[in-house]
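All ligand and atom numbering here is 1-based and tracks the order in the structure.
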Amino acid sequence: MHNESIKNSLTFKKMTLADLVEIEPIEQLCYPNPWSRKVMTDCVKAHYQCVSMRYGEELIGYAFMLIGVNESHLLNLSVTPQQQRKGYAERLLQHMAYISRYWHCKKMLLEVRISNLPAIRLYEKAGFEYIGRRKNYYHYDGIQEDALVMEWIFSFPNQ
Ligand SMILES: CC(C)(COP(=O)(O)OP(=O)(O)OC[C@H]1O[C@@H](n2cnc3c(N)ncnc32)[C@H](O)[C@@H]1OP(=O)(O)O)[C@@H](O)C(=O)NCCC(=O)NCCS
């Protein structure tokens, strides 16, 4: 009974360094410009808000976020390709918003590649709006790409 409920549940936990063994290959699949293990390790060690999302035992998504004064900055949010389009990113984003509000943030900010339409749609659906554009913000494989800067002003407090 207990095992069954774990198997069928979605959980959000503070990321550990051990989680990075599972996260690193997902990161490689998800991005043309993936973060290195060192960058992820540094975020965990620096106590950024780093969250792993599991369905049962399986690690299916993760996020990295920095809490600032009155605002949070979402640095990375990913769902493993096999589990995409099932609403998991929305759940993870809501969890990161909950953490942000817990730390008294009034809004969340992020940068997203201008060609990353799935992510842009995800953020628009959540309530993010465009507030700027950073020219040639991303560099990878000889490509330069602009970033859209998006902001989500929270309109309701945590329950
Ligand atoms: C962007 C990403 C996190 C979305 O994860 P997901 O779990 O598939 O997203 P969800 O199922 O929760 O979808 C929520 C909404 O996002 C949008 N969306 C997600 N994938 C989409 C796609 N392929 N095309 C268009 N819209 C998409 C839709 O608005 C969707 O709502 P809907 O189902 O009502 O249409 C996932 O594609 C991913 O990990 N991509 C690689 C990493 C990345 O680019 N992260 C963002 C960095 S800024």
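- For the pair Gly87 and ligand 1, the shortest N or O to N or O distance falls below 3.5 Å.
- Ligand 1 places these atoms under 4.0 Å from at least one heavy atom of Ser78: 39 (O).
- Contacts with ligand 1 closer than 4.0 Å are made by side-chain heavy atoms of Lys125 only, the backbone lying farther away.
- If you look at Asn116 next to ligand 1, the close heavy atoms, those under 4.0 Å, all belong to the side chain.
- In this model, no donor atom of one side chain and acceptor atom of the other lie less than 3.5 Å apart for Glu22 and Tyr62.
- Remark: minimum distance from atom 47 (C) of ligand 1 to any protein heavy atom is reached at Tyr31 OH, 3.5 Å.
- Counting only heavy atoms of the protein, atom 39 (O) of ligand 1 lies nearest to Val79 N, 2.9 Å.
- For the pair Leu77 and ligand 1, a heavy-atom separation below 4.0 Å is found.
- The protein heavy-atom contact nearest to atom 18 (N) of ligand 1 is Pro118 O, 3.6 Å.
- Between Glu111 and ligand 1, not a single N/O pair is under 3.5 Å apart.
- Of the protein's non-hydrogen atoms, Cys30 O, 3.5 Å is the one closest to atom 41 (C) of ligand 1.
- The single protein non-hydrogen atom nearest to atom 40 (N) of ligand 1 is Gln84 NE2, 3.8 Å, given as residue, atom name and distance.
- Within the 4.5 Å cutoff, the side chain of Cys105 has no heavy atoms near those of the Asn70 side chain.
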List, one per line, each side-chain donor-acceptor pair under 3.5 Å for residues 85-93, sequence neighbours excluded.
{"unit_1": "Lys86", "atom_1": "NZ", "unit_2": "Gln83", "atom_2": "OE1", "d": "2.8"}
{"unit_1": "Glu90", "atom_1": "OE1", "unit_2": "Lys125", "atom_2": "NZ", "d": "3.3"}
{"unit_1": "Glu90", "atom_1": "OE2", "unit_2": "Lys125", "atom_2": "NZ", "d": "3.2"}

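- A salt bridge is defined here as a Lys NZ or Arg NE, NH1 or NH2 lying under 4.0 Å from an Asp or Glu carboxylate O, and Lys106 with Glu71 fails to meet this definition.
- Under the 4.5 Å side-chain heavy-atom criterion for Ile, Leu, Val, Met, Phe, Trp and Tyr, Val44 and Leu66 are members of the same hydrophobic cluster.
- Remark: among candidates Leu93, Leu122, Leu92, Val112, the nearest residue to atom 16 (O) of ligand 1 is Leu122, based on non-hydrogen atoms.
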Problem - Residues Ile23, Met40; criterion side chain to side chain contact (heavy atoms under 4.5 Å, CB included); working and verdict - result: CA-CA 9 Å; Ile23 288 173; Met40 294 191 271; 3.7 Å; yes
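- Not a single N or O atom of Leu117, backbone or side chain, sits closer than 3.5 Å to an N or O atom of ligand 1.
- For ligand 1, the atoms sitting less than 4.0 Å from at least one non-hydrogen atom of Tyr123 are 46 (C), 47 (C), 48 (S), numbered in the order shown with element in parentheses.
- Protein heavy atom closest to atom 30 (C) of ligand 1, with residue, atom name and distance, is Arg85 NH2, 3.8 Å.
- Taking the ring-ring contact (aromatic ring centres under 6.0 Å, His included) definition, one finds that His95 meets it with Phe12, sequence neighbours left out.
- Nearest heavy atom pair, residue Tyr48 against residue Met65, reads CB-O, 3.5 Å.
- For Lys86, a nitrogen or oxygen atom sits less than 3.5 Å from a nitrogen or oxygen atom of ligand 1, counting backbone and side chain alike.
- Residues Gln49 and Met96 come closest through the heavy atom pair O-CE, 3.8 Å.
- Proximity of Arg91 to ligand 1, defined as any heavy-atom pair under 4.0 Å, is not found for any part of the residue.
- Contact check on Asp19 versus Lys14 returns no salt bridge, with no Lys/Arg side-chain nitrogen under 4.0 Å from an Asp/Glu carboxylate oxygen.
- Scanning all protein heavy atoms for the shortest distance to atom 2 (C) of ligand 1 gives Ala89 CB, 4.4 Å.
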